[in-house]
Structure formats: structure tokens, C-alpha cells
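In what follows, a structure is listed as C-alpha cells, so that the remarks can point back to it.
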Amino acid sequence: MRLIIAVDGPAAAGKGTLAKALAAALDLPHLDTGLLYRAVARQMILAGLDPAADSGEQTAHALQPEDLQRNDLRVPEIDRGASAVATQPPVRAALLKRQREFAMASGAVIDGRDIGTVVFPDADLKFFVTASAAVRALRRYQQMHGMADPVQAELEELAAEIEARDRKDAERPVSPLRKADDAVLVETDHLDAKAVLTHALSVVRSRFSA
């Protein structure tokens, strides 16, 4: 089945988890476009550049596959850096071609913030995955610390950072975060990953069953 499925949504809402599981279930390649921006931010910082002040275009063009495999791409510093470089039109242009080429080869499940609105506005199917800031803060905390009892002050700080990033992503002039008009909304506050996948697969089968 050659399909292009777009999965968009804010940080830590579960879009990456859904996209990866959906790709495996449908035997499609998966691309987490957020990792591209995170990798650009990390490489800029390693080079002594400020993602919020310096251009990331050259870094985006020079990005290598191994740069996406680093284990330090999901930390608050890189959250902020990725959000900053994502506002730069030259960076988005440099990464857009790579994203489209990846999916056009044999179909794909691609997750990000502008897949269904900019990268693939004609995708076969679009999902927009969301959750409250409090739930997303807890998920991000667990990514960083495992299942240890959360520290309330750190949770509140993470929630504030997530809300700030939501605003920045939604208000940026280039490719802002928004739900495509034809996207299926998936709210994950009270759903675990298995339930979200089951729901998404039911949508896929209802749309594309012979």
C-alpha cells in the first residue's frame, strides 16, 4: 500500500509514537521531521552558534544521517533551539526537499508540525494529535527521568516551556503549527499509545478498504 500519511501536532502529544507505530503496522517508512530541526539545533550549538540568533541554513544542508541518531536531541535546550531554527525560512526550505523526497519514493508516515499543511497538503490521510500541556509535561518528564515520581516544580517548568513553544510554533510567520481542515483530530489525554494506534488504524481501514 503506497500511502502518504501526515501526522501533525504539538510537542509531546504522542504524534511521534503514533506515526512510528502506524508505519510499522502498515509496512511504510517513517520520518520524524522534528528530529531534523533538533539535529540542526544541536549541530549549531556544537559549532558555537546560537540557534535563536544565527542562520542554520548551512547546517541544514550539511546534516548527515548520523546526526539524527544522537541521544541528546530531546532535552529542553534542544526543544528551544529546534523551535528557533524552525522559524528560519532558509532552514525550512533546505529540509523541505529532503522530506518530500523521502515520502515520494514509496509512501511514508511523516510526523511534524506542518506536514499536512505545507509539506504534503495533498497527503492521502492526515491526523492532528494533541493533548493538554499538563499531560505533555508529564510525558516529557518520563522521557527524561523514567517512571520516577515527578517533581512538581519541574513538571510546572516543563508545562510552561511547552506552552511557550506552542505559542511560538503557532505564531511563527512561516509554516505555523495548525490543524489542516481535513485532518482527523486525535486527543490523547485519556488514551494510551495502543488505543491511539487502534483508533488511527480504524480510520485508515475505513478510508482505504477495498
Of all residues at least two apart in sequence or in a different chain, which pass the side chain to side chain donor-acceptor pair (under 3.5 Å) check with Gln143?
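Residues passing side chain to side chain donor-acceptor pair (under 3.5 Å) with Gln143: Arg140.
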
So if you build clusters from Ile, Leu, Val, Met, Phe, Trp, Tyr with side-chain heavy-atom gaps below 4.5 Å, do Val186 and Leu3 land together?
yes

Linking I/L/V/M/F/W/Y whenever their side-chain heavy atoms sit closer than 4.5 Å, directly or via other members, would Val196 and Leu201 fall into one cluster?
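Linked within one cluster.
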
In short, ring-ring contact (aromatic ring centres under 6.0 Å, His included) pairs touching residues 8-62 with sequence neighbours left out are none

For residues 123-145, which residue pairs qualify under ring-ring contact (aromatic ring centres under 6.0 Å, His included), counting only residues two or more places apart or in two chains?
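Counting only pairs at least two positions apart or across chains, the ring-ring contact (aromatic ring centres under 6.0 Å, His included) contacts touching residues 123-145 are Tyr141-His145.
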
With sequence neighbours excluded, residues passing salt bridge (charged side-chain N to carboxylate O under 4.0 Å, His left out) with Lys97:
Glu101

Residue pair Asp8 / Thr117, side-chain donor-acceptor N/O under 3.5 Å:
no

Please collect all side-chain hydrogen bond (donor to acceptor under 3.5 Å, both in side chains) contacts where either partner lies in residues 126-137, sequence neighbours excluded, each pair once.
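Listed by first then second residue: Lys126-Asp182, Ser132-Asp189, Arg136-Asp166.
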
Would you check if the side chain of Lys179 reaches a backbone N or O of Leu185 as a donor-acceptor pair within less than 3.5 Å?
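Flag not set: sc Lys179 to bb Leu185 has no pair under 3.5 Å.
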
Got a sec, which residues hit side chain to side chain contact (heavy atoms under 4.5 Å, CB included) with Arg139, two or more places apart in sequence or on another chain?
Ala131, Val135, Thr188

Check: Arg113 and Arg172 side chains under 4.5 Å, non-hydrogen atoms
yes

Inspect the contact between Asp114 and Arg178 and indicate whether a charged nitrogen and a carboxylate oxygen are less than 4.0 angstrom apart.
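Salt bridge flag = no for Asp114 with Arg178.
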
